[in-house]
Number of protein chains: 2
Amino acid sequence: MREGPDIARIASLVGDPARANMLNALMGGTALTASELALEAGVSLPTASSHLGKLMEGGLLTVASQGRHRYYGLAGPQVAGMIEAITGVAEAVGPKRVRPGPRDGAMRVARVCYDHLAGEQAVAMLDRLVAKNVLVRDEQEIRLGPSAASHFAAIGIDVYTKPRRPVCRACLDWSVRRSHLAGTLGAAILEKILAEKWARREKDSRAVIFSPPGRQAFERVFLS
Amino acid sequence: MREGPDIARIASLVGDPARANMLNALMGGTALTASELALEAGVSLPTASSHLGKLMEGGLLTVASQGRHRYYGLAGPQVAGMIEAITGVAEAVGPKRVRPGPRDGAMRVARVCYDHLAGEQAVAMLDRLVAKNVLVRDEQEIRLGPSAASHFAAIGIDVYTKPRRPVCRACLDWSVRRSHLAGTLGAAILEKILAEKWARREKDSRAVIFSPPGRQAFERVFLS
DNA sequence: CGCATAGTTCGTTCCTCATCGAAGCGTTCT
DNA sequence: AGAACGCTTCGATGAGGAACGAACTATGCG
């Protein structure tokens, strides 16, 4: 009955679980591809595409086509602010969850994020690689350092194998609120971790469980 | 897939047009009854009751029972802030409507708000009544002034006829962002306006159209 | 008590919209 | 060119939920 801006239209866009997950994933500021968002939301690609279309039409998203990839990002700080506000209310009225406590401890420590490792372990690893100057952090971007090629070759990872995708990318970690390493290099490292059987994936979950010796090996290689 | 506060749940509560209208109506800060909100949202009472139940369960509303009335209000400033944020986005991305222009001119000038008059005419009327000290504004409340009884009696309105409901109440006008007069007195005045045929109601709309002589009469009685 | 008003609950109907498989485009790599 | 990949469009299916009428509870009035 009332006139005025169509707040129901906007709110209902955020009101779908799949779309909410996508928006949440984009809150890190990094633009993501449709496939990544589909995984993030837990829906198929066609479904994700449909959702993205609606979010675009609603003006909540922008898109940048790069080759055959389409990078979706939040339309602006105002949209991000709105999501923050909604999150605040949801937190306030939501089930009084125990303080940052170990809701799902394993997930906080290490988990899969698309095709690479996320969680405390992943954040620590990126920190260490940057500290050792193997990787160079430059604002939003991450680049290979001078010793990167030899450093990773020693571990059995060729940083130049799949040049199609960006080799490195920063990806914001929801549990730690800091970045971890994505891109082909991040994917290769996760692949190695699983191939060496340092860790196994929890069934039907994104959690990654390290075995005690596996953890030692990982720390020796990436955190020393 | 992502953990975290259930933002979709909250957003979907706001995402229904009926509920959005209710929340919008409550943004004025005045608590309203279920019937008033049903009218505001343009739905039947049972439907409104169901919506209110959901908003309560979601923690967005509080309720205060007074006799057989139940006054619903926003749960707090955080909720109001969230609605503001959503409204901001909706305004920004919405159809670039012409500046406050006469979207529906008649509605801005005068319309029905539940059982009383709203719009520019109503706001002007309340201003004038307060200026003449017939009514006394005291913060949120409006009370009868010393000359109120005689003043309204002269027009043929008995301010003491229906003591069940508050005689006066402030109601925020969405188009002008200022208050107009609600309560039994507000209702009685609207009744008189229609009874005297100073104005007629637009079919299927809340607009109230004054005839030229009717407008003069109204201005003589209430705006002089 | 009986009647009126305010609100909720129940049950049914109906429609929107999320979902996915299959197929269709455009890009990139070999 | 052909194959692989990223993404969108189309069509069919299905479930959730918004809507209202009717019946029920609760409060107030005479």
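Letters A, B, ... mirror the listed sequences (proteins, then strands); counts begin at 1.
Remark: A:Ser65 pairs with A:Arg70 by the side-chain hydrogen bond (donor to acceptor under 3.5 Å, both in side chains) rule, at least two apart or across chains. In this structure A:Phe152 satisfies the ring-ring contact (aromatic ring centres under 6.0 Å, His included) test with no other residue, sequence neighbours excluded. For the salt bridge (Lys or Arg N to Asp or Glu O under 4.0 Å) test, residues two or more places apart in sequence or in another chain that qualify with A:Glu196 are A:Lys192. The side-chain hydrogen bond (donor to acceptor under 3.5 Å, both in side chains) check on B:Thr47 picks up B:Ser44, with sequence neighbours excluded. Looking at residues two or more places apart in sequence or on another chain, you find no side-chain hydrogen bond (donor to acceptor under 3.5 Å, both in side chains) involving B:Ser147. Residues satisfying the side chain to side chain contact (heavy atoms under 4.5 Å, CB included) test with A:Ala199, not counting sequence neighbours, are A:Ile193, A:Val208, A:Phe210. With sequence neighbours excluded, the residues that form a side chain to side chain contact (heavy atoms under 4.5 Å, CB included) with B:Lys54 are B:Leu13, B:Arg19, B:Ser50.
We find that CG of A:Leu37 is positioned 14 Å from P of D:dG6, with the value rounded to whole Å. Atom pair A:His69:NE2 and D:dT8:C1' shows a separation of 15 Å (rounding to whole Å applied). Going from atom CZ of B:Arg9 over to atom P of D:dG17 covers 11 Å, rounded to whole Å. Look at CZ on B:Arg19: it is 8 Å from P on D:dA19, rounded to the nearest Å. Rounded to whole angstrom, the span from the CD atom of A:Glu57 across to the P atom of D:dT8 amounts to 14 Å. Rounding to whole angstrom units, CE of residue B:Met56 and P of C:dT9 are separated by 11 Å. Separating the CG atom of B:Asn21 from the P atom of D:dA18 is a distance of 14 Å, rounded to the nearest angstrom. Atom CG of B:Leu55 and atom P of C:dG7 are 16 Å apart (whole Å).
In the set C:dA6, D:dC7, C:dG7, C:dG7 carries the atom at the smallest distance from any side-chain atom of B:Tyr72. With C:dG7, D:dC7, C:dA6 as the choices, the nucleotide that has an atom nearest any side-chain atom of B:Arg68 turns out to be C:dA6.
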Would you list the protein and nucleotides 19-21 of chain C atom pairs, both N or O, that sit under 3.5 Å from each other?
unit_1 : atom_1 : unit_2  : atom_2 : d
C:dT19 : OP2    : A:His51 : NE2    : 2.4
C:dC20 : OP2    : A:Ser44 : N      : 2.9
C:dC20 : OP2    : A:Ser44 : OG     : 3.1
C:dC20 : OP2    : A:Thr47 : OG1    : 3.0

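With axes fitted over five pairs at each extremity, the angle between the ends of the helix from C:dC1-D:dG30 to C:dT30-D:dA1 is 30° (10° resolution).
For the residue pair B:Thr33/B:Glu36, the side-chain donor-acceptor check at 3.5 Å is satisfied.
The nearest pair of heavy atoms linking B:Thr62 to B:Ala75 is CG2-CA, 3.8 Å.
A sub-4.0 Å separation between OP1 or OP2 of D:dT8 and a side-chain N or O of A:Arg70 is present.
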